[in-house]
Amino acid sequence: MRIKCNKCGSHATIRSSEQPSTEVKRLYCICNNIQCGHTFAMDVTFSYTISPSAMDLPQDLRAKIKESTPMEQRALFEGLSPAMQQAG
């Protein structure tokens with residue numbers, strides 16, 4: 001990830017970070033431009049899911065997927081599609 005200083009536009013270095021929650025990471029940064037020297041904090045946040053996690057699937061289904069061939073996996077997911085469309 002490249003961070004830019006919002007004062008001068010130069011690249012900045014992440015000096016440290018903390019994670020106040022599972023969906024937020026706070027980055028403490030310093031501008032690399034010695035004429036600027038701006039130090040600042042930025043928050044990186046979770047926005048939304050693009051593709052659901054396999055961890056959301058029941059354990060028995062995850063085990064079955066792991067043991068299946070790619071063709072069998074496709075058939076399993078095609079069987080889930082109508083249920084997933086109804087849920088959305």
**Message:** Around atom CD of Gln35, are there more than 12 heavy atoms from other residues, nucleotides or ligands closer than 6.0 Å?
**Reply:**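 Counting neighbours around CD of Gln35, 12 or fewer heavy atoms of other residues, nucleotides or ligands fall under 6.0 Å, so no.
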Mind listing the closest non-hydrogen atom pair of [X] and [Y] along with its distance?
| X | Y | answer |
| --- | --- | --- |
| Ile30 | Gly37 | CG1-O, 4.4 Å |
| Leu27 | Met1 | CD1-SD, 4.0 Å |
| Cys5 | Ala12 | N-CB, 4.4 Å |

**Message:** Can you see whether Asn32 engages Ser10 through a side-chain donor-acceptor pair at a distance of less than 3.5 angstrom?
**Reply:**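 Side-chain D/A pair, Asn32 to Ser10: absent.
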**Request:** Following the transitive rule for hydrophobic clusters with a side-chain heavy-atom cut-off under 4.5 Å over Ile, Leu, Val, Met, Phe, Trp and Tyr, establish whether Ile14 and Val44 coincide in one cluster.
**Result:**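 In one cluster: yes.
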**Asked** What's the spacing between Met42 CE and Ser17 OG if we round to 0.5 Å?
**Response**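 If we round to the nearest 0.5 Å, Met42:CE and Ser17:OG are 13.0 Å apart.
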**Separation of Asn6 CG from Cys31 SG (nearest 0.5 Å)** =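 If I round to the nearest 0.5 Å, the distance is 9.5 Å.
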Is any side-chain heavy atom of [X] closer than 4.5 Å to a side-chain heavy atom of [Y]?
| X | Y | answer |
| --- | --- | --- |
| His11 | Lys4 | yes |
| Cys8 | His38 | no |
| Asn33 | Lys7 | no |

